[in-house]
Novice: 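Here it is, the structure, as structure tokens.
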2 protein chains.
Amino acid sequence: MDTKRRSDCPISCSLDIWGDKWSLLIIRDLMFAMQCTYGDFLKSEEKIATNILANRLQMLEANGIITKLTHPESKAKVLYQLTEKGIDLLPLMVEIHLWADKYSVIPPGRKEFLKEVKKDKEAFIKSGIKELKKKLVKEA
Amino acid sequence: MDTKRRSDCPISCSLDIWGDKWSLLIIRDLMFAMQCTYGDFLKSEEKIATNILANRLQMLEANGIITKLTHPESKAKVLYQLTEKGIDLLPLMVEIHLWADKYSVIPPGRKEFLKEVKKDKEAFIKSGIKELKKKLVKEA
DNA sequence: ATATTACACTTGCAAAACGCAAGCGAATAT
DNA sequence: ATATTCGCTTGCGTTTTGCAAGTGTAATAT
């Protein structure tokens, strides 16, 4: 596990955690798509490799962004869940969406999401965080 | 230059552009530190390698985030500048700062920046973008 | 009870990206 | 004329990635 930070700059420290091509996609799946198992992440259209996925899940867990839980309906399944720290990345994810919306083509499915966001950004984020935290399951 | 996108998801497309350990640091330097030459970027405390820097500058230019200008005081120097698309990453950078502020130690120098942000985020971003766009120089 | 499948990884290996040091050409300074 | 600054480029060893195949445990089917 990479533990040395390059500097004490907040941007740099953040990038040390999730500054790669995959981490935020896992967080996206957990945050918006309600996909929360290893198998779910593999099914996402970007097609992450199994070893990279395992590595990133470890990384995100080590950095307190996600936690592992035993799946309620089966001991064979693992349920990944955003921590509060992970949930608090929602504003960031929203800003990425807004930026992408301004400068590239957004797939139809996300258009309504963006419509909601633009209606009242602050309210959207506040209620989104509240929703996610409500679902947060504490480890036994 | 990498041109194939992994999916049409806005998060994924954004990461295809600046989803690495260095790009946002270059953007940070242009946005907050007013460092805008190749040499300036090299001096940043994270110590980016020369070839990686050259590659990222190319990448960011190819994606319309930055432009190259001849430096007003010397033909030997190159002045890099954020485009409007690059400037519009300011809200994102602010959110990263706020997240990092909540979950890690922020160096004293950035504390006043964050104080300003927290006072009135929307106003801070709006005036920040305005400032940056005012300085924007059009290529001859 | 046994076999098969589902699930979450691990492993091996080739290819690509990275990091470091050195070099190079044009522009400026001396 | 010579040296230095500046913005890269090149070579090369190391690390990370991507792909395919395999492994172990738990659930399910027979």
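The figures here come from the full heavy-atom set of this structure, side chains too, leaving out hydrogens, waters and symmetry mates.
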Novice: From D:dG18, C:dA27, D:dC8, pick the nucleotide closest to the side chain of A:Ile52?
Specialist: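 Comparing D:dG18, C:dA27, D:dC8 against the side chain of A:Ile52, the answer is D:dG18.
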
Novice: Take atom CG of A:Leu53 and atom C1' of C:dT11, then tell me their distance rounded to the nearest Å.
Specialist: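 So the CG-C1' distance, A:Leu53 to C:dT11, works out to 16 Å.
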
Novice: Check the phosphate of C:dG19 against B:Trp22, side-chain N and O only, distance under 4.0 Å to OP1 or OP2. Yes or no?
Specialist: yes

Novice: Taking CD in B:Glu45 as the centre, count heavy atoms belonging to other residues, nucleotides or ligands within less than 6.0 Å. Is the count above 12?
Specialist: yes

Novice: Think A:Arg56 forms a cation-pi with A:Trp18, using NZ or CZ under 6.0 Å from the six-ring centre and within 45 degrees of its axis?
Specialist: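 No, A:Arg56 does not sit over the ring of A:Trp18.
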
Novice: Rounding to an integer number of Å, can you tell me how far B:Lys43 NZ sits from D:dC6 P?
Specialist: 6 Å

Novice: For B:Val78 and for A:Ala49, find the nucleotide of DNA chain D with the closest heavy atom, then tell me which residue's nucleotide is more 5'.
Specialist: B:Val78

Novice: Going through the distances and angles, do B:Ser12 and A:Leu25 end up as a side-chain contact (heavy atoms from CB on, under 4.5 Å)?
Specialist: CA-CA 7 Å; B:Ser12 170; A:Leu25 296 183; 3.9 Å; yes

Novice: Tell me whether B:Val117 is reachable from A:Ile11 by hopping between hydrophobic residues (I, L, V, M, F, W, Y) whose side-chain heavy atoms are closer than 4.5 Å.
Specialist: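 Same hydrophobic cluster.
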
Novice: Apply side-chain contact (heavy atoms from CB on, under 4.5 Å) to the pair A:Lys4 and A:Asp16, showing each step before the final yes or no.
Specialist: CA-CA 9 Å; A:Lys4 58 216 163 215; A:Asp16 284 340; over 6 Å; no

Novice: Under 4.0 Å: is that the gap between some side-chain N or O of A:Lys68 and OP1 or OP2 of C:dC9?
Specialist: yes

Novice: Classify A:Thr50 by what it touches in the nucleic acid, base, sugar-phosphate, or nothing, heavy-atom distance under 4.0 Å.
Specialist: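 Here A:Thr50 touches the bases of the nucleic acid.
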
Novice: Grab the NZ-P distance between A:Lys77 and D:dA27 for me, whole Å please.
Specialist: 11 Å

Novice: Specify the separation, in whole Å, of atom CZ of B:Phe41 and atom C1' of D:dC6.
Specialist: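 For the pair B:Phe41 CZ and D:dC6 C1', the rounded distance is 14 Å.
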
Novice: Which nucleotide in the list C:dT28, D:dT17, D:dC8 gets nearest to the side chain of B:Lys75?
Specialist: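 Between C:dT28, D:dT17, D:dC8, the one nearest the side chain of B:Lys75 would be C:dT28.
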
Novice: Measure from CG on A:Leu69 to P on C:dC7 and round the result to the nearest Å.
Specialist: 18 Å

Novice: So what does B:Tyr80 touch, heavy atoms closer than 4.0 Å: a base, only the sugar-phosphate, or nothing?
Specialist: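 Since only primed, P, OP1 and OP2 atoms lie under 4.0 Å of B:Tyr80, the category is sugar-phosphate.
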
Novice: How close or far is atom P of D:dT5 from atom CD of B:Glu73, stated in whole angstroms?
Specialist: 15 Å

Novice: Between P on D:dT15 and CG on A:Asp20, what's the gap in Å once rounded to a whole number?
Specialist: 19 Å

Novice: Starting from the 5' end of DNA chain D, give me the residue, A:Arg56 or A:Ser74, whose nearest nucleotide shows up first.
Specialist: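 Result of the comparison: A:Arg56.
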
Novice: Test side-chain contact (heavy atoms from CB on, under 4.5 Å) on A:Leu136 and A:Ile87; report intermediate values, then the result.
Specialist: CA-CA 10 Å; A:Leu136 220 155; A:Ile87 291 169; 3.5 Å; yes

Novice: Among C:dC9, D:dC19, D:dC8, which nucleotide sits nearest the side chain of A:Asn51?
Specialist: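 Closest nucleotide to the A:Asn51 side chain: D:dC19.
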
Novice: Which value, rounded to the nearest 0.5 Å, describes the distance between A:Lys77 atom NZ and A:Asp40 atom CG?
Specialist: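 Output value for this atom pair is 8.0 Å.
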
Novice: When the distance from NZ of A:Lys47 to C1' of D:dT17 is rounded to whole Å, what number comes out?
Specialist: 18 Å

Novice: Taking the axis from the first five pairs and the axis from the last five, what angle separates them in the helix from C:dA1-D:dT30 to C:dT30-D:dA1, rounded to 10 degrees?
Specialist: 10°

